[in-house]
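See below for the structure under consideration.
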Amino acid sequence: MVVGDPSNRTRLAVTRVKQTSLSHFRLCVSSVSLALHPALDLSCSAKRLYSHRRRSRCRAACGAGVARDQAGKGGCFRRAQGPGFKLCIMNNEDEFYDAVTGLDSDESCEGMSEASFKDAVADGAQKNNGSVPQDNGIKKRRTTLPAAMFSRNNFSVWSILKKCIGLELSKITMPIVFNEPLSFLQRITEYMEHTYLIQKACSQTDPIERMQTVAAFAVSAVASQWDRTGKPFNPLLGETYELAREDQGFRLISEQVSHHPPVSAFHTESLDGDFTFHGSIYPKLKFWGKSVEAEPKGTITLELLKHKEAYTWTNPYCCVHNVILGKLWIEQYGTVEIVNHSTGDKCVLNFKPCGMFGKDLHRVEGYIQDKSKKKRCVIYGKWTECMWSVDPQTFEGNKKSDKKGGADTKKQKQEEPGGGENDEADDMPEMQESVAVIPGSTLLWRISSRPAHSAQMYNFTNFAVTLNELEPGMEGVLAPTDCRLRPDIRAMENGNMDEASKEKERLEEKQRASRKERAREQEDWSTRWFQSGTNPYTGSQDWLYTGGYFNRKYTDCPDIY
């Protein structure tokens with residue numbers, strides 16, 4: 001049977017889907033499996049062919065035959081069984097797991113075949129388009145993942161989330177297809193992508209200039225989240241991650257120190273002894289009907305040792321829109337206060353919500369004040385693009401002229417007929433023009449471009465692509481609890497979704513059995529590299545590094561894999 005000509009039963013099922021209400025447009029996978037089971041291979045393939053609009057070299061594999069699409073319009077597909085997965089909501093408050101899913105299908109990709117994905121990345125690397133240059137002649141790191149991401153087109157999260165409105169999501173398991181092949185410990189390591197900003201702050205002599213640079217670093221730390229709609233794997237209790245980057249002058253160690261609530265602690269130190277950067281993160285998630293909101297609990301501390309300064313702050317809220325229907329999109333909002341505990345200077349950053357017409361989408365605006373509460377400068381920009389600083393008087397003058405010029409436009413928009421309440425999807429506002437630079441402004445930070453075909457690599461940045469790389473000989477050096485050795489993440493990165501699901505279930509069952517064994521023996525869990533304590537600058541509860549990790553003595557590490 002020809003792939004582009006599905007059976008009559010398939011056509012009838014698709015017609016019924018179109019006739020249903022928009023609120024049920026995304027069917028859960030079990031319903032799709034029942035309706036289209038005999039022709040599932042063909043209907044899924046046809047859907048992929050329909051959605052692949054990019055012109056690329058693709059191979060189509062159907063059964064045992066492989067044919068190349070000479071017209072360059074084909075999508076990729078592999079013969080697969082009906083995809084299915086088990087869903088579970090943990091009722092026991094002491095137990096929650098990342099996923100207990102199984103996908104009976106081969107690896108797939110979103111937008112192009114695995115072969116053309118690899119070929120295109122190789123071509124791009126030759127042209128130095130989106131590739132990572134060799135830094136300081138030290139090491140050439142990978143610029144692509146081993147396999148393209150699995151397609152999420154045929155899956156709906158609604159079947160999981162419809163019973164969870166207003167609830168905290170740490171106990172809700174998600175299908176593995178909604179993950180990305182990184183642990184949350186690796187995800188928080190992405191704070192260090194723009195380490196050069198910390199090093200720049202260390203070299204500056206003026207405290208206000210240092211605060212500007214630290215503020216730019218705080219904004220840059222969340223920039224990698226743009227378009228990252230995949231969920232990182234929940235770390236297992238006792239899981240660790242280390243990263244040493246000689247080219248960027250730092251080394252980092254992190255550990256999952258608590259299971260309920262899930263708390264991740266990290267500690268970064270400069271190889272030259274210029275700074276330490278540490279904190280503990282407890283991401284509290286809630287589902288609000290159309291969106292998932294992440295509340296950033298936990299304090300982040302940056303110490304500039306040369307200047308004997310300590311800065312603390314918390315991250316803004318993060319919201320993923322359209323988790324049920326429509327295109328997923330992310331916004332950050334909330335107030336971030338960065339305090340210099342040595343000088344009394346403070347930076348207040350307002351991550352603005354997108355607003356009614358989307359004019360404030362991704363915008364960040366704030367100011368720096370000294371200990372006498374005098375405004376010294378204004379900071380503005382977008383967390384997805386760049387940040388600038390300017391004199392407060394210049395900023396206010398520019399703002400008044402903008403308001404005067406935009407009054408007529410605002411009145412015209414208010415008079416336009418509205419579309420009413422949108423119950424189907426929160427459409428992402430159209431991207432506004434890039435940041436309008438005010439004359440006399442100073443550039444603080446600009447985002448780096450992402451690698452070629454980032455969309456087929458979970459929208460990873462160049463830095464994120466390297467985080468799970470397992471180099472030859474590394475297994476003998478790493479702690480046995482390191483994320484790189486976690487088999488489910490490794491399997492997903494390699495494109496083996498079935499193995500990833502099975503390994504995830506095995507690891508989580510092992511974690512559950514260990515917890516029950518400790519309860520039976522009345523033993524408490526002991527962290528290895530961090531201990532609970534008090535942040536010396538804020539007085540809040542924190543997890544502090546006890547040292548010794550890089551001595552490479554791992555004989556008493558727990559067996560978690």
Side-chain angles (χ1 to χ4, degrees), residues 191-223 225 274-279 281 296 298-318 332-353 360 362-396 398-399 435 437-438 440-447 535-540:
Y191 289 160
M192 303 308 298
E193 181 167 358
H194 303 278
T195 309
Y196 72 90
L197 289 171
I198 302 180
Q199 295 164 342
K200 179 181 178 182
C202 290
S203 67
Q204 292 173 315
T205 57
D206 182 74
I208 299 300
E209 291 181 356
R210 288 197 296 273
M211 177 62 88
Q212 289 178 352
T213 307
V214 171
F217 173 75
V219 174
S220 75
V222 301
Q225 295 186 31
D274 293 333
F275 67 87
T276 59
F277 177 61
H278 53 92
I281 307 296
T299 302
I300 296 174
T301 304
L302 172 63
E303 298 180 65
L304 304 184
L305 304 179
K306 174 183 175 181
H307 300 287
K308 298 181 180 179
E309 291 180 339
Y311 302 79
T312 60
W313 68 89
T314 58
N315 283 329
Y317 284 77
C318 179
Q332 310 260 5
Y333 50 81
T335 301
V336 173
E337 286 193 0
I338 307 172
V339 178
N340 184 331
H341 294 270
S342 302
T343 65
D345 299 334
K346 179 189 292 187
C347 176
V348 180
L349 296 175
N350 179 19
F351 285 71
K352 297 188 175 184
D360 289 328
H362 310 321
R363 291 194 179 276
V364 182
E365 188 177 297
Y367 58 89
I368 294 175
Q369 66 179 30
D370 58 25
K371 61 182 178 181
S372 64
K373 297 186 178 181
K374 178 183 178 181
K375 284 189 179 181
R376 301 294 300 274
C377 71
V378 171
I379 296 178
Y380 67 96
K382 290 185 177 182
W383 62 269
T384 56
E385 294 183 25
C386 56
M387 293 300 296
W388 299 79
S389 68
V390 71
D391 179 78
Q393 288 75 25
T394 304
F395 180 82
E396 291 300 326
N398 184 80
K399 197 172 183 179
V435 177
V437 181
I438 300 172
S441 297
T442 300
L443 179 65
L444 301 177
W445 162 79
R446 189 183 298 280
I447 197 169
N535 187 294
Y537 306 105
T538 65
S540 60

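We number each residue from 1, following the sequence as shown. Since the model is a prediction, treat every value here as computed from it, not as a measurement.
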Please find the pair of heavy atoms, one from [X] and one from [Y], that lie closest to each other, and give the distance.
X	Y	answer
Ala215	Ile338	CA-CD1, 3.6 Å
Thr299	Ser540	OG1-OG, 3.5 Å
Lys308	Ser342	O-OG, 2.8 Å
Ile447	Ala223	CD1-CB, 3.9 Å
Asp360	Pro353	CB-O, 3.4 Å
Cys386	Val435	SG-CG2, 4.0 Å

Nearest 0.5 Å, please: how far is [atom2] in [Y] from [atom1] in [X]?
X	Y	atom1	atom2	answer
Ile198	Leu304	CD1	CG	8.0 Å
Met192	Leu197	CE	CG	10.5 Å
Met211	Asp370	CE	CG	10.5 Å
Ile208	Ile368	CD1	CD1	6.0 Å
Asn315	Gln225	CG	CD	7.5 Å
Glu337	Asn350	CD	CG	11.0 Å

Indicate every side-chain donor-acceptor pair of residues 373-381 with a distance under 3.5 Å to a residue at least two apart or in another chain.
| from | atom 1 | to | atom 2 | distance (Å) |
| --- | --- | --- | --- | --- |
| Tyr380 | OH | Ile438 | N | 2.9 |
| Tyr380 | OH | Ser441 | OG | 2.5 |

Just to verify, what does [X] make a side-chain hydrogen bond (donor to acceptor under 3.5 Å, both in side chains) with, not counting sequence neighbours?
X	answer
Glu396	none
Thr205	none
Thr195	none

Once you measure the plane-to-plane angle for Tyr333 and Tyr317, does it fall in the parallel (<30°), tilted (30-60°) or perpendicular (>60°) bin? parallel
Let me see the working for His278 and Glu303 under side-chain contact (heavy atoms from CB on, under 4.5 Å), right down to the final yes or no. CA-CA 9 Å; His278 53 92; Glu303 298 180 65; 2.9 Å; yes
Side chain proximity check, [X] to [Y], heavy atoms < 4.5 angstrom:
X	Y	value
Thr276	Thr301	no
Cys318	Val222	no
Trp445	Tyr196	yes
Gln212	Trp388	no
Val348	Thr335	yes
Trp313	Leu349	no

Among all residues two or more places apart in sequence or in another chain, which pass the ring pair (Phe, Tyr, Trp, His ring centres under 6.0 Å) test with Tyr191? Phe266
State which residues pass ring pair (Phe, Tyr, Trp, His ring centres under 6.0 Å) with Tyr537; sequence neighbours excluded, sorted by chain then number. His341
In sequence, state the C-alpha distance, the side-chain angles, and the governing distance for Lys371 and Asn340, and then conclude on side-chain contact (heavy atoms from CB on, under 4.5 Å). CA-CA 10 Å; Lys371 61 182 178 181; Asn340 184 331; over 6 Å; no
Does His307 use its side chain to pair, donor to acceptor, with the backbone of Cys202 at less than 3.5 Å? yes
For Lys352 and Glu365, what are the C-alpha separation, side-chain angles and deciding distance, and is it a side-chain contact (heavy atoms from CB on, under 4.5 Å)? CA-CA 8 Å; Lys352 297 188 175 184; Glu365 188 177 297; 3.4 Å; yes
Strictly by modelled atom types, are Thr312 and Asn535 linked by a side-chain donor-acceptor pair under 3.5 Å? no
Applying side-chain contact (heavy atoms from CB on, under 4.5 Å) to Val214 and Cys347, what does each step give before you reach the verdict? CA-CA 9 Å; Val214 171; Cys347 176; over 6 Å; no
So that I know where these two stand, are Phe217 and Tyr311 an aromatic pair - ring centroids less than 6.0 Å apart? no
